[in-house]
Amino acid sequence: QVQLVESGGGLVQAGGSLRLSCAASGSRFSINAMGWYRQAPGKQRELVAAVGRGGTTNYADSVKGRFTISRDNAKNTVYLQMNSLKPEDTAVYYCSAGMTLLALSVMKDNYWGQGTQVTVSS
């Protein structure tokens with residue numbers, strides 16, 4: 001089992017920045033990819049960004065150029081730096097981990113954090 005604990009959500013004005021963190025513990029050898037999903041009210045959960053153990057990254061088109069994902073393998077922690085935030089970024093953000101980037105992106109056997117609220121006011 002893998003446990004994921006998120007931190008860093010909150011309320012910010014449009015144009016502002018937030019940084020999310022997610023620390024993994026437990027059977028860390030079962031995961032290679034980590035990332036962030038988000039879910040807004042009435043919408044499906046969507047992949048925001050993901051990073052493989054070697055540093056390969058994927059981003060949703062809606063966040064490219066504004067969000068940066070990174071990971072510290074020694075600390076088993078993944079970060080999401082969110083800049084130039086927009087009201088449409090408002091959602092619950094979930095940390096996720098999986099065996100591969102592909103598996104993570106299709107939600108195959110993902111591990112999930114409890115979620116952290118990000119609210120961007122206009």
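Quick note: numbers below take in every heavy atom, side chains included, and nothing from hydrogens, waters or symmetry partners.
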Does a side-chain heavy-atom distance below 4.5 Å link [X] with [Y]?
{"X": "V48", "Y": "D89", "result": "no"}
{"X": "L47", "Y": "Y59", "result": "no"}
{"X": "R38", "Y": "E46", "result": "yes"}

How long is the gap from [atom1] on [X] to [atom2] on [Y], to the nearest 0.5 Å?
{"X": "S25", "Y": "Q3", "atom1": "OG", "atom2": "CD", "result": "4.5 Å"}
{"X": "T116", "Y": "E6", "atom1": "OG1", "atom2": "CD", "result": "6.5 Å"}
{"X": "T57", "Y": "F67", "atom1": "OG1", "atom2": "CZ", "result": "14.5 Å"}
{"X": "S70", "Y": "R19", "atom1": "OG", "atom2": "CZ", "result": "6.0 Å"}
{"X": "L20", "Y": "M82", "atom1": "CG", "atom2": "CE", "result": "4.0 Å"}
{"X": "L104", "Y": "N110", "atom1": "CG", "atom2": "CG", "result": "5.0 Å"}

[X] and [Y]: same hydrophobic cluster, using ILVMFWY side-chain contacts below 4.5 Å?
{"X": "V78", "Y": "I31", "answer": "yes"}
{"X": "M107", "Y": "V51", "answer": "no"}
{"X": "L80", "Y": "Y94", "answer": "no"}
{"X": "Y93", "Y": "Y111", "answer": "yes"}

Which one of T90, V120, T119 satisfies the side chain to side chain contact (heavy atoms under 4.5 Å, CB included) criterion with V12?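 Between V12 and the candidates, side chain to side chain contact (heavy atoms under 4.5 Å, CB included) is satisfied uniquely by V120.
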
Decide, yes or no, whether a salt bridge links K64 with D61 under the criterion of side-chain N to carboxylate O below 4.0 Å.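 Counted as a salt bridge, because a side-chain N and a carboxylate O are separated by less than 4.0 Å.
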
Heavy-atom closest pair, residues [X] and [Y]:
{"X": "V118", "Y": "G9", "value": "CG2-CA, 4.2 Å"}
{"X": "P87", "Y": "S122", "value": "CG-CB, 3.9 Å"}
{"X": "R66", "Y": "S84", "value": "NH1-O, 3.0 Å"}
{"X": "L4", "Y": "A24", "value": "CD2-CB, 3.6 Å"}

Between N83 and S17, is there a side-chain donor-acceptor contact under 3.5 Å, judged purely by atom types and distance?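 Side-chain D/A pair, S17 to N83: present.
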
Give a yes-or-no answer on whether the side chains of N32 and R53 include a donor-acceptor pair shorter than 3.5 Å.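 Indeed, the side chains of N32 and R53 share at least one donor-acceptor pair under 3.5 Å.
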
Y37 and W112 aromatic centres sub-6.0 Å: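 Judged by ring-centre distance (under 6.0 Å), Y37 and W112 do meet the cut-off.
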
Is it the case that the side chain of S96 and the backbone of W36 share a donor-acceptor pair, with hydrogens and angles ignored and the cut-off at 3.5 Å?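 No, S96 side chain to W36 backbone: no donor-acceptor pair under 3.5 Å.
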
Evaluate the criterion side-chain contact (heavy atoms from CB on, under 4.5 Å) for residue pair D72 and Y79; output intermediate values, then yes/no. CA-CA 8 Å; D72 184 332; Y79 307 94; 4.2 Å; yes

